[in-house]
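Report on the structure given below.
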2 protein chains.
Amino acid sequence: MVVDQLSDADVDRLFQALADATRRDIVRRVTVAEYSVSGLAALYAMSFAAVQKHVAVLERASLVTKEKRGREQIVRGNHEGLAKARRLLDEYEAIWRQRAGRIADILAEG
Amino acid sequence: MVVDQLSDADVDRLFQALADATRRDIVRRVTVAEYSVSGLAALYAMSFAAVQKHVAVLERASLVTKEKRGREQIVRGNHEGLAKARRLLDEYEAIWRQRAGRIADILAEG
DNA sequence: GTATCGTACAACCAAATGGTTGTAGATCAG
DNA sequence: CTGATCTACAACCATTTGGTTGTACGATAC
């Protein structure tokens, strides 16, 4: 049962966003607690602009959300994006199990 | 409980490999049935060499395996890679649920 | 008001990506 | 043996990516 209405481009963006260690670390951190962009930037050995770009990539992939608070931009984990990624991998697993089932059937027949 | 011994680079390769629609399609197909590299190449509007590169990316990410049979190279889905990716997302989900639990606790206290 | 902080964004650069064509080595068919 | 098929890989090209520095602007502190 296909539930999500995700275009190929959406899925590309999702996995692409997850394909970087710094971004995965950001996702973990903002899931546990709130961070401003500069708060995040302070954690990594790279420029503010670089971290800001990473956050933008995660936002486009629906893995985090940003909310303006005063002059800060608060970054939070977005469960929806993560859930979508998981559901996609679940579909692949389902295909795999079907295949395993068919093989078992064939062996049972033979 | 962390089970896998995956380096950041391994995880990068995994998600990077999944971040392309052609490659995801290849993974689905070779999970369902066996294909030679040229058999796969016939399915897509791109050169044999391009498809071969995609297969190589998937192989490095442990999402497919190749096995020589005569002059053909048979490509099959590799469940291990897929399972690793899923387990990673499961860990993220676990972090999310812990967070949700903490929030529930705070609300219960307050 | 002025200085500072947090953010956004442009311009730039090196490296990686996703594609191409061409060449060459194995393997199989006749 | 010869020719066709399957694969691998190099060289090349355009675009994207992940980083940099610099500039600009709104919000805050003094």
Requested in this report: Measure from CG on B:D12 to P on C:dA16 and round the result to the nearest Å.
Outcome: 13 Å
Query raised in the report: When the distance from CZ of A:R13 to C1' of C:dT17 is rounded to whole Å, what number comes out?
Result: 18 Å
Query - Check ion pair B:K84-B:E80 (N to O, under 4.0 angstrom) - result: yes
Query raised in the report: Looking at B:R13 and B:D10, does any basic side-chain N land under 4.0 Å from a carboxylate oxygen?
Result: yes
Checking [X] now: which residues fulfil side-chain hydrogen bond (donor to acceptor under 3.5 Å, both in side chains) with it, not counting sequence neighbours?
X: B:D12; value: A:R24
X: B:E59; value: none
X: A:T65; value: none

Query raised in the report: Counting only non-hydrogen atoms, which of residues 25-39 of chain A are less than 4.0 Å from DNA chain C?
Result: A:S36, A:V37, A:S38
Report summary line: CG of B:L58 to NZ of B:K66, rounded to nearest 0.5 Å, is 10.5 Å
Query - Approximate separation, where rounding is to 0.5 Å, of A:Y92 OH and B:R28 CZ - result: 3.5 Å
Query raised in the report: What residues in residues 45-67 of chain A put a non-hydrogen atom under 4.0 Å from any atom of DNA chain D?
Result: A:M46, A:S47, A:A49, A:A50, A:K53, A:H54
Query raised in the report: Could you give the start and end, 5' to 3', of the contact zone on DNA chain D for chain B, using atoms under 4.0 Å from its heavy atoms?
Result: D:dA4 to D:dA11
Give each protein N/O atom lying under 3.5 Å from an N/O atom of nucleotides 27-30 of chain C, with the pair distance.
from: C:dT27; atom 1: O2; to: B:R71; atom 2: NH1; distance (Å): 3.3

Only counting residues at least two apart or in another chain, list the ones meeting salt bridge (Lys or Arg N to Asp or Glu O under 4.0 Å) with [X].
X: A:E34; value: A:R69, A:R76
X: A:R23; value: none
X: A:R97; value: A:E93

Query - Connected-component partners of B:V32 among ILVMFWY, side-chain separation under 4.5 Å - result: A:I95
Query - Donor-acceptor under 3.5 Å (A:D8 side chain, B:A21 main chain) - result: no
Please output the side-chain donor-acceptor pairs of residues 40-47 of chain B that fall under 3.5 Å, not counting sequence neighbours, one pair per line with the distance.
from: B:Y44; atom 1: OH; to: B:D25; atom 2: OD2; distance (Å): 2.6
from: B:S47; atom 1: OG; to: B:A50; atom 2: N; distance (Å): 3.1

